[in-house]
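Notes for the one structure printed next.
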Amino acid sequence: MTYVVGLTGGIGSGKSTIAELFAELGVPIIDADLVARQVVEKGSPLLAEIAAHFGPEILLEDGALNRAALREKIFANETQKHWLNQLLHPAIRHEMLRQLAAQQAPYCIFMVPLLIENNLTALCQRILVVDVLEHTQVERAGQRDNNQVEQIKRIMQSQVNRQERLKYADDVINNNEDLIANLPQLKQKVLDLHHLYLQLAEKFNER
Ligand code: ATP
């Protein structure tokens, strides 16, 4: 069984950036956001079920999910939101477990923005937190998302705060420094963790 390192951090903290550095070392990355999209991809049984419930207007012309239309349907409607969540959450969890179980590598990085909030820590043997100051999160996510500062702050409030997240961390990557100046140090930190995870994975599989 593959050793699972959960990679988490708040919005704009640098999870994808760090995951990319692990990927460069040949480590498989399982991205929870991607899994959540895969379970409702075009032609999937789950998407058909959602369309049967909400109507064909939640589909785009090509048969893919129209996310904006679906968001509209559940916006301010707790009953419909609940219906959708009770359908999606078990399916997403099932698909995550399937993808983790299919891994052949000694360890994999399981990138989950809401690892703590959604109680997924039990799926991981170890937790790696990407940590940045809150104002850095706002700045970087703002630059990336065309300065939707209020929305970014709302998302930050819906996520656990820095201190709370750090309590769950076995390992921490500090990503406050600018990437251009700090890339060699960041790469070294990732390489050190890579060696540690290979050792831990070996012990885990000896059991
Ligand atoms: P989200 O959960 O919001 O998808 P994330 O945690 O995956 O975000 P990234 O997408 O990796 O974060 O980083 C957010 C933005 O900040 C990106 O535009 C990225 O290029 C940039 N960024 C990440 N790390 C640094 C850094 N050390 N210095 C400067 N910019 C950075």
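Each ligand, and each atom within it, is numbered from 1 in the order the structure gives. When reading the values below, keep in mind they use all heavy atoms of this one structure, side chains included, and skip hydrogens, waters and symmetry mates.
Of the options Asp145, Thr17, Asn176, Thr8, the smallest heavy-atom separation from atom 11 (O) of ligand 1 is shown by Thr17. Of the options Leu179, Asn175, Asp178, Asn182, the smallest heavy-atom separation from atom 24 (N) of ligand 1 is shown by Asn175. When the heavy-atom distances from atom 21 (C) of ligand 1 to Arg140, Glu20, Gln137, Met111 are ranked, the shortest goes to Arg140.
When all heavy atoms of Ala105 and Thr2 are compared, the closest pair comes out as O-OG1, 3.0 Å. Across all their heavy atoms, Glu177 and Arg140 have their closest contact at O-NH2, 3.5 Å. Looking at every heavy atom in both residues, Met156 comes nearest to Gln137 through CE-OE1, 3.5 Å.
Geometrically, ligand 1 and Ile11 share no nitrogen or oxygen pair separated by less than 3.5 Å. For ligand 1, the polar-atom distance check against Gly12 finds a nitrogen or oxygen pair separated by under 3.5 Å.
To the nearest 0.5 angstrom, Gln38 atom CD is 11.0 Å from Asp33 atom CG. Residue Arg37 holds its CZ atom at 11.5 Å from CG of Leu65, rounded to the nearest 0.5 Å.
For ligand 1, the atoms sitting less than 4.0 Å from at least one non-hydrogen atom of Glu177 are 26 (C), 27 (N), 28 (N), numbered in the order shown with element in parentheses. Within ligand 1, the atoms closer than 4.0 Å to a non-hydrogen atom of Gly10 are 6 (O), numbered from 1 in the order shown.
At a heavy-atom distance under 4.0 Å, no atom of Pro113 approaches ligand 1. Contacts of Lys15 with ligand 1, taken as heavy-atom pairs under 4.0 Å, involve both backbone and side chain.
Shortest contact from atom 12 (O) of ligand 1 to any protein heavy atom: Gly14 N, 3.0 Å. Closest to atom 1 (P) of ligand 1, if we only count protein heavy atoms, is Arg144 NH1, 3.4 Å. Among all protein heavy atoms, the one lying closest to atom 7 (O) of ligand 1 is Ser16 OG, 2.7 Å.
With hydrogens and angles left out, the side-chain atoms of Gln99 and Glu95 include a donor and acceptor closer than 3.5 Å.
In the hydrophobic clustering of this structure, Ile109 groups with Leu25; members are Ile, Leu, Val, Met, Phe, Trp, Tyr whose side-chain heavy atoms approach within less than 4.5 Å, directly or through other members.
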Determine, stepwise, if the pair Glu206 / Lys203 fulfils salt bridge (Lys or Arg N to Asp or Glu O under 4.0 Å). CA-CA 5 Å; Glu206 274 168 8; Lys203 277 203 203 117; over 6 Å; no
